[in-house]
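As the structure lists them, so they are numbered: ligands from 1, and atoms in each ligand from 1. Note that the coordinates shown come from a computational prediction; the quantities given were computed from them, not determined experimentally.
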Amino acid sequence: MPDEVLAPNVELFSRNGFAGPNTTIVRAQYRPRFLRARGEYVPRRFHTWDLPAGVFAEPKALPVSILEGEGISFELSRRPAAMSFGYVNVWADELHYIVSGRGELDTEVGTLEVRAGDIVLIPRAVTYRWGEITEEINEYIVVTASELQLDPEGAPGTFNPDLHLDRPVPHGRPGLPVEGEYEVVVRTGDTFTSYFYDVDPIPCLDVVGAPLVLRFNLEHVQGLGVAEGGLAPARLMSSTSGHDFVFGTGSRRSGRPPVHHNADFDEVICYAMGPSPWGSVDTPGTVTWTPKGLLHQGPEEDVQPGYRAFLVETRSTLTMTPAGRDIAHLMETDQYGVHPAEGQTAAAAR
Ligand SMILES: [Fe+2]
């Protein structure tokens, strides 16, 4: 198609993510469509629902990392039933996204009834456990060594904390003596230490002061829209180190993202909920990963009736874990489908 070949394509080369500086390059050829790649440094999409059930068969199974780098990891967890122990990550903050399910998240500062679409921020050193599970919980968890702070750009238009942010309800009762021992698993990076108690250590009578655990539902996060052209998505959170950012990247009125190099950040996007597909991505829990510096475009975001997604940008250089590799597919960087060179007949491939 000569018209397509001759039409100029605008490429954006950005340093420091959306902060810039930016360089615009105009080129005749459209470059995100690579024929194939040889080697390991390639974009991927993770089908998180494909992680075998056996990985979580043990009642004491812990979250499994699929992608990790210095100071950050992306993990999956599945909870069909209540946990019989407490868990506390003392070196890292945790962002829990509930891909599906419904249940009670019990923390040392109270309990939360959690449902699909919820994002729960659990700071380091807060002990928690899953209580009664109404419907199996599937979680995608972003674990950051640097403190993760909610600082929504464009609030209250993009996100209104006064309306949509809440916190656990204190138990208002003592922790009771247990039969035998109650275990709390303390996580320090990749190692674990167990403490044992003769009482349930989690319930609290009351909580005052600054909120510790925060929760909101992604359906209440609105994209920054513009009548014409494109606009960077709205930041939802950032880490105090300046190494990690979280953006709401759901549907919005905006031009399609430009072809771009994000020279300094790996991009990890979780497609959270529909009903609209986002390009070739239509299953909640699909995680796309574009390593830093690789040319990509990504699908149109201006779709109706809409979808919700969020992007984590990190300066860390990420690599797949063995569990991640098991559920990873080579990804094309136009519509974010499974790349045809992978040899699959995925509907996503163009
Ligand atoms: Fe990008």
K.L.:
Centroid-to-centroid, Phe74 to Phe46, below 6.0 Å?
P.N.:
no

K.L.:
So, the side chain of Glu332 versus the backbone of Gln335: is there a donor-acceptor pair under 3.5 Å, distance only?
P.N.:
yes

K.L.:
Might you point out which heavy atoms bring Ser251 and Arg308 nearest each other, and give the distance in Å?
P.N.:
OG-NH1, 4.3 Å

K.L.:
Checking Arg124 side chain against Val126 main chain: does a donor-acceptor pair fall under 3.5 Å?
P.N.:
no

K.L.:
Give every protein N, O or S atom lying under 2.8 Å from the Fe ion (ligand 1), naming each by residue and atom.
P.N.:
His260 NE2, Glu267 OE1, Glu267 OE2, His296 NE2

K.L.:
Got a salt bridge between Asp118 and Arg102, using NZ or NE/NH1/NH2 to carboxylate O under 4.0 Å?
P.N.:
no

K.L.:
For Ala82, is there any backbone N or O sitting under 3.5 Å from a side-chain donor or acceptor partner on Glu132?
P.N.:
no

